[in-house]
Novice: 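Below is a structure I'd like to ask you about.
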Amino acid sequence: MVDLLPDQLIKWQNVEKILIDQLSRASIKEIRTPILEMTELFIRGIGEGTDVVSKEMYTFLDRGERSCTLRPEGTASVARALIQNGISSKPFQKLWYMGPMFRYERPQAGRQRQFHQLGVEFVGYEDVRSDIEIIAFAWDILGKLGIKELNLEINTLGDLNDRLNFQKSFLEWLEINKDSLDVDSQNRINKNPLRILDSKNVQTKKILENAPRLFDFLSEKSLERYINLKKQLEFLKIPYIENFNLVRGLDYYTHTAFEITSGSLGSQATVCGGGRYDNLIKQMGGNETPAIGFAIGLERLILLAGKELEADRQTDIYIVNKGLNAELLAMNLSRKLRKYDLLVELDVTGASFSKQFKKANKLKSKSIIVLGDEEASNKEFVIRLFTKDCSENKEETISVENDIKLENWINNNLFLK
Ligand code: ATP
Ligand code: MG
């Protein structure tokens with residue numbers, strides 16, 4: 001698990017600001033659920049045979065002997081929250097969440113035990129247009145962050161009936177090819193055979209190339225839905241690649257599954273994964289509620305986002321001050337200035353004037369206020385504006401009581417672009 005330090009967080013905050021802004025423009029509303037849930041929720045929601053549930057969860061008994069788990073993902077929690085709060089039957093809801101997730105994995109570049117996700121869930125939507133809207137939204141926010149060279153991969157997993165039909169013939173094939181599979185996959189034959197398709201074992205993946213394909217077992221209706229999806233993506237000029245092996249790591253998906261990957265992420269290439277989960281909410285005790293969602297891994301997103309997002313906000317006013325009375329006046333002035341949309345830094349180091357000037361210079365502050373003994377006894381301060389290259393500066397003296405003059409100075413000098 002990693003600490004995020006102030007220098008790194010500038011980029012995080014810039015990225016989050018853009019994300020939240022885009023979400024609100026699409027009228028997607030935030031939901032916050034607890035980080036801790038009953039373990040049962042994830043076993044039922046994500047599925048027992050999945051990697052996440054079988055080996056990645058942080059699970060422990062609390063003081064009341066209840067099995068609790070740090071959330072490994074957000075969808076199951078959102079579904080629970082909707083059911084528990086009696087709002088799962090509200091017909092249409094577009095929701096987002098953002099926060100830490102926990103998975104006991106082998107840490108490596110782009111893979112941590114505590115990581116962060118932005119998730120979006122469209123609940124109550126069945127029409128293929130909701131699949132398109134959510135894919136287009138994911139695609140566009142990545143573009144908005146200046147990320148290029150992304151690949152969208154899509155697949156369809158059909159409905160439960162299609163899957164059942166496929167499973168029959170897949171099981172027959174598995175019986176014949178059992179011995180060539182890795183041990184993990186062998187163990188899944190009886191527990192959850194579909195999960196074998198998600199195996200990361202190289203040899204198993206190779207053998208699976210000759211297995212029956214789920215795609216060939218789709219009903220006409222499921223196939224039509226998928227063809228419609230592709231047509232609409234083409235209309236929107238969103239390029240995609242079909243990947244019949246894309247089954248996603250969680251059990252609850254139906255129909256559309258998609259991932260967005262980037263070549264510049266190395267082996268942990270997936271930045272966004274999502275899909276439709278029409279049965280999850282009902283299976284968890286809610287009403288029959290179709291839904292589709294995605295999650296973006298924020299660590300990977302930050303790695304991909306443009307360098308320009310690393311820039312911190314520039315200091316507008318740096319307050320240089322020294323001497324007992326001057327320091328008191330400076331403190332009060334800094335409070336006054338906070339009512340404007342300005343970045344104001346009050347120097348409270350007590351260092352020499354020259355050190356304080358140096359600091360203001362280092363920060364490339366647009367202006368400085370100087371308050372020393374002389375200014376304090378005259379009840380005034382000097383405010384100095386710098387040009388971009390610091391070659392010239394313009395100075396003005398303002399009485400500490402003359403708020404109007406101060407405001408005019410700010411309006412004329414700092415708010416003018
Ligand atoms: P992977 O195949 O990389 O393990 P996944 O299928 O387990 O991904 P999802 O459950 O779909 O991942 O989560 C969505 C996104 O969250 C991923 O695409 C990735 O960007 C991010 N993510 C998942 N696990 C981690 C992790 N351990 N560390 C950092 N980011 C992660
Ligand atoms: Mg994983």
Side-chain angles (χ1 to χ4, degrees), residues 1-4 8 12 15-16 19 35 41-42 45-47 49-58 69-79 96-121 134-135 137-139 141-142 145 147 150-155 157 184 192 194-202 204-205 243 245-254 256-277 280 291-305:
M1 297 190 188
V2 298
D3 296 313
L4 289 168
Q8 293 168 283
W12 277 77
V15 167
E16 285 167 10
L19 293 174
I35 285 171
L41 172 72
F42 300 116
I46 302 174
T50 59
D51 273 355
V52 171
V53 170
S54 63
K55 47 190 186 203
E56 294 175 358
M57 294 206 302
Y58 279 89
T69 294
L70 290 171
R71 64 177 185 197
E73 57 104 52
T75 304
S77 304
V78 170
W96 67 268
Y97 59 83
M98 187 149 59
M101 305 292 160
F102 303 83
R103 296 186 192 176
Y104 194 82
E105 303 200 69
R106 193 169 66 80
Q108 51 197 290
R111 195 174 290 288
Q112 297 167 189
R113 290 180 173 171
Q114 177 177 333
F115 62 100
H116 300 78
Q117 283 185 341
L118 161 70
V120 174
E121 317 284 358
I134 213 161
I135 293 174
F137 182 76
W139 186 254
I141 50 175
L142 296 174
L145 290 169
I147 306 175
L150 293 169
N151 298 309
L152 166 66
E153 297 183 16
I154 58 166
N155 190 21
L157 305 176
D184 247 6
N192 193 339
L194 282 182
R195 285 272 65 81
I196 297 173
L197 294 172
D198 196 37
S199 168
K200 291 192 170 120
N201 183 286
V202 181
T204 299
K205 273 172 118 169
N243 176 359
N245 294 324
L246 197 165
V247 291
R248 314 268 311 121
L250 319 176
D251 265 357
Y252 49 59
Y253 288 107
T254 49
T256 307
F258 66 98
E259 286 190 358
I260 301 176
T261 61
S262 160
S264 40
L265 278 175
S267 53
Q268 316 309 326
T270 309
V271 60
C272 171
R276 177 162 282 285
Y277 52 94
L280 178 70
I292 182 164
F294 69 75
I296 286 178
L298 291 184
E299 278 74 10
R300 296 183 198 175
L301 185 68
I302 303 285
L303 284 173
L304 290 172

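Please read these numbers as outputs of a predicted model, since none were measured by experiment. In each ligand, atom 1 is the first atom listed, and ligand 1 is the first ligand listed.
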Novice: With W12, which residues qualify under ring-ring contact (aromatic ring centres under 6.0 Å, His included), at least two apart?
Specialist: H116
Novice: Heavy-atom distance to atom 29 (C) of ligand 1: which of G110, A295, G297 wins?
Specialist: G110
Novice: Which is it for R113 and Y58 under the side chain to side chain contact (heavy atoms under 4.5 Å, CB included) test, yes or no, and what are the steps along the way?
Specialist: CA-CA 9 Å; R113 290 180 173 171; Y58 279 89; 3.3 Å; yes
Novice: Write down the atom of G293, the atom of E121, and the distance for their closest heavy-atom approach.
Specialist: CA-OE1, 3.4 Å
Novice: For the backbone of E153 and the side chain of N243, can you confirm whether one donor and one acceptor N or O come within less than 3.5 Å of each other?
Specialist: no
Novice: So, is E299 polar-close to ligand 1, with some N/O to N/O distance under 3.5 Å?
Specialist: no
Novice: Using atom types as modelled, flag every donor-acceptor pair under 3.5 Å from a side chain in residues 263-271 to any protein atom, sequence neighbours excluded.
Specialist:
unit_1 : atom_1 : unit_2 : atom_2 : d
S264   : OG     : S262   : OG     : 2.9
Q268   : OE1    : R111   : NE     : 3.2
Q268   : OE1    : R111   : NH2    : 2.6
Q268   : NE2    : Q108   : OE1    : 2.9
T270   : OG1    : E259   : OE1    : 3.4

Novice: Check each of R103, E259, Q117 against atom 12 (O) of ligand 1 and report the one with the nearest heavy atom.
Specialist: R103
Novice: Only heavy atoms count here, so choose which of F294, F115, Y104 is nearest to atom 30 (N) of ligand 1.
Specialist: F115
Novice: Could an N or O of ligand 1 be found under 3.5 Å from any N or O of E105, whether backbone or side chain?
Specialist: yes
Novice: Have a look at ligand 1 and work out which part of K200, if any, has a heavy atom under 4.0 Å from it: side chain, backbone, both or neither.
Specialist: side chain
Novice: Provide the closest heavy-atom pair for W139 versus N151 in the form atom of the first, atom of the second, distance.
Specialist: CZ3-C, 4.2 Å
Novice: Which ligand 1 atoms are under 4.0 Å away from a heavy-atom of V271?
Specialist: 18 (O), 20 (O)
Novice: Please could you name the atoms of ligand 1 that T270 approaches to less than 4.0 Å, counting only its heavy atoms?
Specialist: 17 (C), 18 (O), 19 (C), 20 (O)
Novice: Side chain to side chain contact (heavy atoms under 4.5 Å, CB included) for D198 and T50? Distances and angles first, verdict last.
Specialist: CA-CA 9 Å; D198 196 37; T50 59; over 6 Å; no
Novice: Judged on heavy-atom distance to atom 4 (O) of ligand 1, which of Q108, H116, R111 sits nearest?
Specialist: R111
Novice: Within the structure, does Q112 bring an N/O atom to less than 3.5 angstrom of an N/O atom in ligand 1?
Specialist: yes
